[in-house]
Amino acid sequence: AQSVTQLDSHVSVSEGTPVLLRCNYSSSYSPSLFWYVQHPNKGLQLLLKYTSAATLVKGINGFEAEFKKSETSFHLTKPSAHMSDAAEYFCVVSDPGLGGYQKVTFGTGTKLQVIP
Amino acid sequence: EAQVTQNPRYLITVTGKKLTVTCSQNMNHEYMSWYRQDPGLGLRQIYYSMNVEVTDKGDVPEGYKVSRKEKRNFPLILESPSPNQTSLYFCASSLGGGRVEDQPQHFGDGTRLSIL
């Protein structure tokens, strides 16, 4: 079975302070993990992905995430929030699934508010 | 410019009136997928297609149909729409072949459907 849990539905930070968006997953396989960002009235844009190479993954706009197998976590971080980071963020797990085809599950999303 | 194009972007219609949401990608991608996004539920997969003439059900296929007659197009059909299909819909594509689960998806900007 495959699942994703985003532990916070809303996160509020002040501009210039660190961002932490938490994600836990479960998978029966060695999964690939992604973070996407969605700005209002737009589609989802890839921030970063983990595909069994380095456990610390760097993405666009200063975001990074660390894959921790022992904790089944893939938390998203950024050292210093910017106003333009205000958006909704989705953690996604992807694995081959039972039939060998791609099975994709999205988390329920975390809305990030950045306070000036 | 590489993109996934959905039409229409917004549609208000009535129960039972058949509608089609078109999706087209210009990246020669093999894999395409439809999702619906509802508040608090994240994105849920409706149907996906590994290649031309190959489609399969996702997690919430009831009330929807798809077809994949050409590589670039993947329309979503609601034969008899009902109010519970009011949602925000996204089409996505990825390269396909090989380890599909490793591949990030490219998303359209969404179609907001309201079924009265």
Side-chain angles (χ1 to χ4, degrees), chain A residues 1-10 21 23 25 27-53 57 59-60 65 67 87-111, chain B residues 1-7 9-10 21 23-25 27 29-51 54-60 87-112:
Chain A
Q2 181 189 78
S3 69
V4 179
T5 302
Q6 290 184 243
L7 296 157
D8 306 291
S9 58
H10 291 83
L21 305 183
C23 172
Y25 72 92
S27 173
S28 303
Y29 304 86
S30 295
S32 296
L33 294 158
F34 305 82
W35 276 99
Y36 289 85
V37 60
Q38 183 182 29
H39 288 95
N41 299 315
K42 300 296 281 184
L44 281 72
Q45 179 188 14
L46 178 70
L47 272 180
L48 51 80
K49 68 173 185 176
Y50 165 78
T51 56
S52 75
V57 182
I60 62 171
F67 174 73
E88 190 162 19
Y89 293 79
F90 292 93
C91 182
V92 180
V93 62
S94 177
D95 66 34
L98 274 177
Y101 52 84
Q102 183 186 29
K103 171 67 178 169
V104 179
T105 300
F106 283 73
T108 53
T110 298
K111 287 187 177 169
Chain B
E1 180 190 349
Q3 58 186 6
V4 178
T5 303
Q6 297 178 226
N7 280 296
R9 292 290 314 278
Y10 303 91
V21 185
C23 173
S24 180
Q25 50 91 7
M27 295 168 279
H29 283 172
E30 291 185 352
Y31 182 93
M32 297 186 74
S33 183
W34 275 103
Y35 297 89
R36 61 178 288 172
Q37 182 179 17
D38 301 290
L41 297 177
L43 276 75
R44 294 177 292 167
Q45 192 175 50
I46 303 171
Y47 270 94
Y48 65 94
S49 170
M50 298 292 284
N51 212 328
V54 181
T55 64
D56 208 346
K57 297 176 181 177
D59 296 318
V60 287
S87 187
L88 179 58
Y89 291 84
F90 287 99
C91 181
S93 72
S94 62
L95 188 59
R99 282 181 58 87
V100 178
E101 61 273 14
D102 288 351
Q103 297 165 7
Q105 295 185 65
H106 299 255
F107 285 83
D109 283 341
T111 295
R112 189 169 289 281

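So that the names make sense, note that chain A is the first sequence line, chain B the second, and so on, each numbered from 1. Only heavy atoms go into these numbers, but all of them, side chains included; no hydrogens, no water, no symmetry mates. What you see is a predicted model, and the numbers here were worked out from it, not measured in a lab.
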Inter-chain contacts: residues 30-39 of chain B against chain A, heavy atoms under 4.5 Å: Tyr31(B), Tyr35(B), Gln37(B)
Any donor-acceptor N/O pair, Thr105(A) side chain to Val93(A) backbone, under 3.5 Å: no
Side chain, backbone, both or neither of Gln6(A) within contact of chain B (heavy atoms, under 4.5 Å): neither
Heavy-atom side-chain contact between Phe107(B) and Val4(B) under 4.5 Å: no
Toward chain B, the part of Ser30(A) with a non-hydrogen atom under 4.5 Å: backbone
Backbone N/O of Val54(B) and side chain of Ser49(B): donor-acceptor pair under 3.5 Å: yes
Portion of Leu46(A) that has a non-hydrogen atom of chain B nearer than 4.5 angstrom: side chain
All ring pair (Phe, Tyr, Trp, His ring centres under 6.0 Å) counterparts of Phe67(A), not counting sequence neighbours: Tyr25(A), Tyr50(A)
His106(B) side chain near Gln25(B) side chain, heavy-atom distance below 4.5 Å: no
Portion of Leu43(B) that has a non-hydrogen atom of chain A nearer than 4.5 angstrom: both
Candidate pair Gln38(A) and Phe90(B), rule side chain to side chain contact (heavy atoms under 4.5 Å, CB included), full reasoning: CA-CA 12 Å; Gln38(A) 183 182 29; Phe90(B) 287 99; 3.1 Å; yes
Arg44(B) versus chain A, the contacting section by heavy-atom distance below 4.5 Å: neither
For Lys42(A), all residues meeting salt bridge (Lys or Arg N to Asp or Glu O under 4.0 Å), sequence neighbours excluded: Asp109(B)
Partner residues of Ala65(A) under the side chain to side chain contact (heavy atoms under 4.5 Å, CB included) criterion, sequence neighbours left out: Trp35(A), Leu48(A), Phe74(A), Leu76(A)
